[in-house]
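Note that ligands are numbered from 1 as they come in the structure, with each ligand's atoms numbered from 1 the same way.
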Amino acid sequence: MNLDKKFSGYANPALHTQGLYIGGKWQAVGSIPVLDPSTGNTIAEVSDAGTSEAMRAVEAAEAAAADWRRTPARQRAEVLRRWFDLMTERAEELALLISLENGKALADARGEVAYAAEFFRWYAEEATRIPGEFRATPSGSHNILVDHEPIGISVLITPWNFPAAMATRKIAPALAAGCTVILKPASETPLTAYAMARIGEEAGVPAGVVNVLTTSKPGQITNTMLADSRVRKLSFTGSTGVGRTLLAEAAKTVVSCSMELGGNAPFIVFDDANLEAALEGAMVAKMRNAGEACTAANRFYVQSGIHDAFVAGLTERMAKLKIGAGYDPETQCGPMITPGAVEKIDRLVSEAKARGARITTGGKPVTEGGHFYPPTVLENVSHKADMCHAEIFGPVAPIIRFNHQKDVISMANDTEYGLAAYIYSEDLQRALSVGRKIETGMIGINRGLMSDPAAPFGGVKQSGLGREGGVTGILEFMEAKYFAVEF
Ligand code: NAP
């Protein structure tokens with residue numbers, strides 16, 4: 001494959017290595033290598049911000065803040081809409097870039113670009129519909145007027161598994177609300193963030209409204225920014241562990257936090273499910289991004305009557321998937337993000353085997369090339385196995401047999417996480433009533449994919465605080481202001 005020719009235009013890593021993006025200018029400082037996870041080779045070097053660059057980003061966001069919040073909503077919306085159009089025009093180049101630095105299969109990367117761009121279109125529409133309220137008090141003493149104001153400078157921190165969508169899911173509502181932002185993407189996948197900043201510039205985003213910092217010292221620069229009283233919002237997507245640390249740090253200056261954290265989604269198949277639909281949904285819920293998704297089905301609970309057919313069907317489908325570099329159009333399962341990710345998956349599989357699980361396909365790391373783990377199915381998995389309680393974040397499907405509805409509800413809820421769950425049953429009343437008892441923020445019913453910019457995405461328990469997307473997502477970047485009005 002001629003890689004140089006393939007990675008041209010926006011897909012060219014060299015285009016996105018001009019430095020940090022602060023106040024509409026590119027500034028090169030230090031260097032962090034970016035690797036191709038399918039080979040382990042370095043594909044680019046991006047800048048490495050320290051605390052002084054972080055403070056310059058806060059200054060830039062502050063300098064742009066007053067004009068941006070005064071910019072009429074319709075004008076802000078038009079900038080977001082142009083950003084959507086330009087991203088859509090360059091979808092194929094962006095998908096290649098995502099595949100290159102993240103490793104995901106091109107089909108997944110294309111899906112991510114479309115999903116990511118949609119946040120700009122959705123919030124272009126929502127920018128002009130920011131809600132307010134006016135009513136008399138019950139006692140008739142005065143009138144209540146509620147306005148929503150932009151919350152202020154927002155620090156946005158994103159993970160590597162959806163380098164475009166996790167950024168746009170924050171940037172779009174923040175800008176629609178009238179906030180200026182500082183984006184800190186994951187160090188494994190910074191090129192997509194810089195590519196999007198470049199497209200935003202072309203779409204007419206004024207200097208300083210969006211700033212992008214890459215760094216090898218995320219704790220240090222984030223703490224510095226949070227300590228500055230001009231920073232009023234932290235919107236974080238990543239692991240629950242880092243989320244807890246950041247909540248504690250934000251508490252020092254009482255900064256408003258939105259947290260999109262880890263997940264451990266149960267995928268429940270009842271005897272009365274449509275087998276083909278359940279298998280199709282299982283493949284989407286498990287294998288999107290090769291299992292590296294917060295909403296990925298982490299454990300499959302399958303009722304006895306359909307269990308054997310489900311195990312056979314899933315094994316057959318998983319065994320057929322082609323492993324390879326994400327940007328190879330034939331690939332259906334790309335590499336894991338790091339060697340450490342493969343080691344973790346391997347440890348979880350070994351531990352489940354030691355507890356009596358049987359592997360029906362896969363089960364051993366691929367030893368040649370980059371960091372690959374093959375699509376794997378395990379049956380007879382103990383609910384006590386570590387993989388039922390930790391995020392697997394890989395292409396591994398543990399299957400647990402169950403008999404009674406009450407048992408599966410109790411196993412599904414036996415986790416600190418509460419992001420997503422999937423239920424397959426042809427009895428909608430049963431699916432909804434079980435869904436009500438499952439402690440998650442999102443439930444897929446007879447469907448393996450739930451993400452949609454128009455829907456509120458988020459979790460309960462230790463999967464997070466707040467919601468992104470939907471009609472309420474914009475309010476995460478606004479403060480309600482109440483006027484008590486006498487007239
Ligand atoms: P992570 O290790 O928590 O990192 C996420 C981001 O936080 C990265 O940009 C990282 O920077 C930064 N970071 C790390 N330590 C920090 C600190 N002390 N202060 C400030 N920032 C810090 O998570 P990940 O491995 O990238 O992503 C996978 C996790 O994200 C999984 O748990 C997954 O479930 C979760 N996730 C959740 C959602 C959701 O919507 N709920 C969506 C996607 C992913 P560096 O890259 O430089 O370390």
Student: Is it the side chain (CB and beyond), the backbone, both or neither of M166 that lies under 4.0 Å from ligand 1, heavy atoms counted?
Tutor: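 For M166, the contact with ligand 1 is made by the side chain alone.
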Student: I want to confirm something. Looking only at heavy atoms, which of N223, L226, T158 is nearest to atom 6 (C) of ligand 1?
Tutor: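 When every heavy atom of N223, L226, T158 is considered, T158 comes closest to atom 6 (C) of ligand 1.
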Student: Report the nearest protein non-hydrogen atom to atom 18 (N) of ligand 1: residue, atom name, distance rounded to 0.1 Å.
Tutor: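 It is G219 CA, 3.6 Å.
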Student: May I ask you to check whether T245 has an N/O atom sitting below 3.5 Å from an N/O atom of ligand 1?
Tutor: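 It does not: no N or O of T245 is found under 3.5 Å from an N or O of ligand 1.
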Student: Does the ring of Y327 carry K104 above it, NZ/CZ under 6.0 angstrom from centre and within 45° of its axis?
Tutor: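 No.
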Student: So, regarding N161 and ligand 1 (criterion: nitrogen or oxygen to nitrogen or oxygen, under 3.5 Å), is there a contact or not?
Tutor: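 In this structure, N161 places no N or O atom under 3.5 Å from an N or O of ligand 1.
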Student: Can you pull out the closest protein heavy atom to atom 20 (C) of ligand 1? Residue, atom name and distance to 0.1 Å, please.
Tutor: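 Result for atom 20 (C) of ligand 1: T222 OG1, 3.3 Å.
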Student: Of the backbone atoms (N, CA, C, O) and the side-chain heavy atoms from C-beta on, which set of F236 has a member under 4.0 Å from an atom of ligand 1: side chain, backbone, both, or neither?
Tutor: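 Side chain only.
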Student: Does ligand 1 have an atom that lies less than 4.0 angstrom from a heavy atom of F162?
Tutor: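 It does not; every heavy atom stays at 4.0 Å or beyond.
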Student: Please work out, at 4.0 Å between heavy atoms, whether the side chain, the backbone, both, or neither of T237 comes within that distance of ligand 1.
Tutor: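 The answer is both.
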Student: W83 ring centre to R121 NZ or CZ under 6.0 Å, with the angle to the axis within 45°?
Tutor: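 Ring-cation test returns no.
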Student: Does either side chain, that of N298 or that of N264, offer a donor lying less than 3.5 Å from an acceptor on the other one?
Tutor: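 Side chains of N298 and N264: pair found under 3.5 Å.
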Student: Do the two ring centres, one from Y422 and one from F267, sit under 6.0 Å apart?
Tutor: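 Yes, close enough.
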Student: Among protein heavy atoms, which lies nearest atom 37 (C) of ligand 1, and at what distance?
Tutor: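 Nearest protein contact, heavy atoms only, for atom 37 (C) of ligand 1 is L261 O, 3.1 Å.
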Student: May I ask you to check whether E476 and S258 show a side-chain donor-acceptor distance below 3.5 Å?
Tutor: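 Their side chains do contain a donor-acceptor pair, which is all the 3.5 Å distance test asks for.
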Student: What protein heavy atom sits nearest atom 35 (C) of ligand 1, and how far away is it?
Tutor: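 Going by distance alone, atom 35 (C) of ligand 1 is nearest to G238 O, 3.2 Å.
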Student: Ligand 1 versus L419, non-hydrogen atoms closer than 4.0 Å: side chain, backbone, both, neither?
Tutor: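 Within the 4.0 Å criterion, L419 contacts ligand 1 through side-chain atoms alone.
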Student: Would you please say whether a donor-acceptor pair under 3.5 Å links the side chains of T17 and Y194?
Tutor: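 Their side chains do not contain a donor-acceptor pair, so the 3.5 Å distance test is not met.
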Student: Counting only heavy atoms, tell me which of K184, E188, R169 gets closest to atom 11 (O) of ligand 1.
Tutor: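 Among K184, E188, R169, the closest heavy atom to atom 11 (O) of ligand 1 belongs to K184.
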Student: Measuring from N161:CG to N102:CG, what's the distance to the nearest 0.5 Å?
Tutor: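 Here the rounded value is 7.5 Å.
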Student: I'd like to check atom 1 (P) of ligand 1 in this structure: does the protein have a heavy atom lying under 4.0 Å from it?
Tutor: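 At least one protein heavy atom is under 4.0 Å away.
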Student: To which protein heavy atom is atom 36 (N) of ligand 1 closest, and what is the distance rounded to 0.1 Å?
Tutor: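 For atom 36 (N) of ligand 1, the nearest protein heavy atom comes out as C294 CB, 3.6 Å.
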Student: Ring centroids only, cut at 6.0 angstrom: are W160 and F393 within range, meaning strictly under it?
Tutor: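 Yes, they do, as the ring centres are separated by less than 6.0 Å.
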Student: Determine, for E439 against K461, whether the closest basic-nitrogen to carboxylate-oxygen distance falls under 4.0 angstrom.
Tutor: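 The answer is yes: the pair qualifies as a salt bridge.
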Student: Within 45° of the axis and under 6.0 Å from the centre of the six-membered ring of F120, does NZ or CZ of R81 qualify?
Tutor: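 The answer is no, since R81 fails at least one limit relative to F120.
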Student: I need the nearest protein heavy-atom contact for atom 3 (O) of ligand 1: residue, atom name and distance, please.
Tutor: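 For atom 3 (O) of ligand 1, the nearest protein heavy atom comes out as S239 OG, 2.6 Å.
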Student: To the nearest 0.1 Å, how far is atom 24 (P) of ligand 1 from its closest protein heavy atom, and which atom is that?
Tutor: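 Its nearest protein heavy-atom neighbour is W160 NE1, 3.4 Å.
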Student: Does any N/O atom on S187 come nearer than 3.5 Å to any N/O atom on ligand 1?
Tutor: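 Yes, S187 has an N/O under 3.5 Å of an N/O on ligand 1.
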Student: So, is E391 polar-close to ligand 1, with some N/O to N/O distance under 3.5 Å?
Tutor: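 Yes; at least one N/O pair falls below 3.5 Å.
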Student: Inspect the contact between E343 and R347 and indicate whether a charged nitrogen and a carboxylate oxygen are less than 4.0 angstrom apart.
Tutor: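 Result for this pair is no, no salt bridge flagged.
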Student: Can you tell me which residue and heavy atom of the protein come closest to atom 22 (C) of ligand 1, and the distance to 0.1 Å?
Tutor: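 The closest heavy atom on the protein side is P218 CB, 3.5 Å.
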Student: Please classify the P185 to ligand 1 contact at 4.0 Å (heavy-atom distances, strictly less than): side chain, backbone, both or neither.
Tutor: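 The backbone, only.
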Student: So which of I221, T189, V242 gets nearest to atom 16 (C) of ligand 1, if we judge by its closest heavy atom?
Tutor: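 Shortest heavy-atom distance from atom 16 (C) of ligand 1: V242.
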Student: Using distance alone, with no hydrogens and no angle criterion, decide if K170 and S235 have a side-chain donor and acceptor under 3.5 Å apart.
Tutor: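 Checked: K170/S235 side chains pair up, N/O donor to acceptor below 3.5 Å.
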Student: Looking only at non-hydrogen atoms, find the nearest pair between L175 and V181 and report the distance.
Tutor: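 Here L175 and V181 meet closest at CD1-CG1, 4.1 Å.
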